[in-house]
Amino acid sequence: MKKYYPKLHLWLILPLVLILFGFHNYWITFSTQPFQKHVHGLSSVAWFIILVIQPWIYNKKSLKIHRKVGMISLILAGIVASSALLMIKNNLLLKEGPLYPIRYSISFIDLFLIAGFVLSVVMAIIKSKNIHVHARWMISTIFWILTPGLIRLSMKILSFNPDNPYTLVQVYPLMFLFSGIFIAILILLDYVREKKFYFAYVLTLVINLLSIPVLLGLKDAAWLKTFLDSLLT
């Protein structure tokens with residue numbers, strides 16, 4: 001069997017590390033966290049771990065094992081998405097905190113990110129026989145769910161500066177922009193090497209960049225509050 005992307009698993013360790021460090025407070029206060037946070041946190045980390053090991057299994061072990069792990073990952077993807085919806089619902093009930101001023105606009109964006117994550121998993125299954133397309137749909141799942149970890153990591157880094165002028169409202173757009181730049185690099189690399197664009201990356205790039213004007217423009221508009229309250233609470 002021909003081997004593809006033999007070093008991909010090494011690159012995919014990076015987003016796993018970012019997630020682990022981004023949610024460092026979760027690990028520090030692990031024993032005091034509610035059950036639903038454990039479900040979401042542990043399932044999300046498990047998803048990133050599977051993304052790391054699957055290319056390694058494909059190249060070093062067998063396609064049969066790769067497919068078996070893939071079936072397990074389907075269940076895991078469902079847990080990630082459903083637990084994320086519960087976390088959104090909790091965000092809408094916030095009464096204070098740094099997320100409070102933008103809780104509705106962020107929740108609105110998160111709904112699209114969850115939908116994109118689910119779509120990427122479904123498309124990866126549909127395109128499982130085309131290794132190049134399949135791989136990119138799976139890799140794109142990273143950028144649908146990476147932003148929350150990047151936000152927390154950024155805020156932690158900024159907290160070391162007593163003169164830090166940035167707020168969560170400002171950092172969110174910056175992290176969407178950061179993700180967009182990274183996706184754009186992947187798109188450029190594909191075009192240079194293969195002279196083609198992969199829809200998985202293009203879609204993820206568009207939604208990440210559109211999240212910036214949506215966040216800055218909506219700012220918890222009254223109609224958005226009414227819509228999300230009726231939908232999720």
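- Taking Ile, Leu, Val, Met, Phe, Trp and Tyr as members and joining any whose side-chain heavy atoms lie under 4.5 Å apart, directly or through other members, the hydrophobic cluster of Ile79 also contains Phe35, Val39, Ile75.
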Next on the checklist: Is there a side chain to side chain contact (heavy atoms under 4.5 Å, CB included) between Val45 and Trp27? Walk through the geometry before answering.
Outcome noted: CA-CA 12 Å; Val45 171; Trp27 305 112; 3.7 Å; yes
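- Judged by distance alone, the side chain of Trp144 and the main-chain N or O of Gly116 form a donor-acceptor pair under 3.5 Å.
- Between Trp223 and Phe108, the angle of the ring planes goes over 60°, which puts this pair in the perpendicular group of the 30/60° scheme.
- Annotation: the span from Arg103 atom CZ to Lys95 atom NZ amounts to 7.5 Å, rounded to 0.5 Å.
- Between Ile109 and Tyr172 there is no side-chain heavy-atom pair separated by less than 4.5 Å.
- Across all non-hydrogen atoms, the minimal contact from Asn91 to Ser107 is CB-OG, 4.1 Å.
- Looking at Gln54, its side chain does come within 3.5 Å of a backbone N or O of His66 through a donor-acceptor pair.
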Item to check | Stepwise ring pair (Phe, Tyr, Trp, His ring centres under 6.0 Å) test for Tyr26 and Phe30 | outcome: CA-CA 5 Å; Tyr26 168 73; Phe30 186 85; 5.5 Å; yes
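- If you take CG on Leu16 and CD1 on Ile49, they are separated by 5.5 Å, rounding to the nearest 0.5 Å.
- In this structure, the separation between OG on Ser120 and NZ on Lys127 is 13.5 Å, given to the nearest 0.5 Å.
- For the pair Ile19 and Gly149, the tightest heavy-atom approach, listed with the atom from each and the gap, is CD1-CA, 4.1 Å.
- Around CH2 of Trp11, the count of heavy atoms belonging to other residues, nucleotides or ligands within 6.0 Å does not exceed 12.
- With contacts defined as side-chain heavy-atom distances shorter than 4.5 Å, the pair Ile125/Trp137 does not qualify.
- Across every non-hydrogen atom of Ala124 and His134, the tightest pair is O-ND1, 2.6 Å.
- Under the 4.5 Å side-chain heavy-atom criterion for grouping Ile, Leu, Val, Met, Phe, Trp and Tyr, Ile185 is connected to Ile13 within one hydrophobic cluster.
- Under the 4.5 Å side-chain heavy-atom criterion for grouping Ile, Leu, Val, Met, Phe, Trp and Tyr, Leu188 is not connected to Leu203 through any hydrophobic cluster.
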Next on the checklist: Determine whether Ile114 and Ile88 satisfy the following criterion, side chain to side chain contact (heavy atoms under 4.5 Å, CB included), listing intermediate values before the conclusion.
Outcome noted: CA-CA 10 Å; Ile114 294 170; Ile88 291 175; 3.4 Å; yes
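- For the pair Lys68 and Ile72, the minimum side-chain heavy-atom distance is 4.5 Å or more.
- Scanning both residues, His40 and Ser83, for their nearest heavy atoms gives ND1-OG, 3.0 Å.
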Item to check | Stepwise side chain to side chain donor-acceptor pair (under 3.5 Å) test for Thr141 and Trp47 | outcome: CA-CA 9 Å; Thr141 63; Trp47 180 261; 3.1 Å; yes
Checklist entry - Checking side chain to side chain contact (heavy atoms under 4.5 Å, CB included) for the pair Leu186/Phe143: CA distance, chi angles, key distance, verdict? => result CA-CA 12 Å; Leu186 294 179; Phe143 299 102; 3.8 Å; yes
Next on the checklist: As a quick check of understanding, evaluate ring pair (Phe, Tyr, Trp, His ring centres under 6.0 Å) for Tyr201 and Phe197, giving each step before the final call.
Outcome noted: CA-CA 8 Å; Tyr201 288 164; Phe197 297 107; over 10 Å; no
Checklist entry - Going through the distances and angles, do Phe227 and Tyr104 end up as a side chain to side chain contact (heavy atoms under 4.5 Å, CB included)? => result CA-CA 10 Å; Phe227 172 69; Tyr104 282 92; over 6 Å; no
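- Side-chain N or O atoms of Ser73 include none that pairs as donor or acceptor with a backbone N or O of Leu76 at under 3.5 Å.
- Leu113 is not listed as a side-chain neighbour of Ile145, based on a closest heavy-atom distance of 4.5 Å or more.
- In this structure a side-chain-to-backbone donor-acceptor pair under 3.5 Å is present from Thr226 to Ala222.
- In the hydrophobic clustering of this structure, Val52 groups with Phe48; members are Ile, Leu, Val, Met, Phe, Trp, Tyr whose side-chain heavy atoms approach within less than 4.5 Å, directly or through other members.
- Note that the CG atom of Leu18 and the CZ atom of Arg152 stand 14.0 Å from one another [nearest 0.5 Å].
- A salt bridge does not link Asp190 with Lys195: none of the charged nitrogens is closer than 4.0 Å to a carboxylate oxygen.
- The minimum heavy-atom distance between Ser154 and Val171, with the atom names listed, is CB-CG1, 3.9 Å.
- Between the CG atom of Asn208 and the CZ atom of Phe178 there is a distance of 11.5 Å, given to the nearest 0.5 Å.
- What you find for Ser140 and Thr204 is that their closest heavy atoms are CB-OG1, 3.6 Å.
- One N or O on the side chain of Asp220 and one on the backbone of Ser105 form a donor-acceptor pair closer than 3.5 Å.
- One finds the CD1 atom of Ile142 at 9.0 Å from the CG atom of Leu14 (value rounded to the nearest 0.5 Å).
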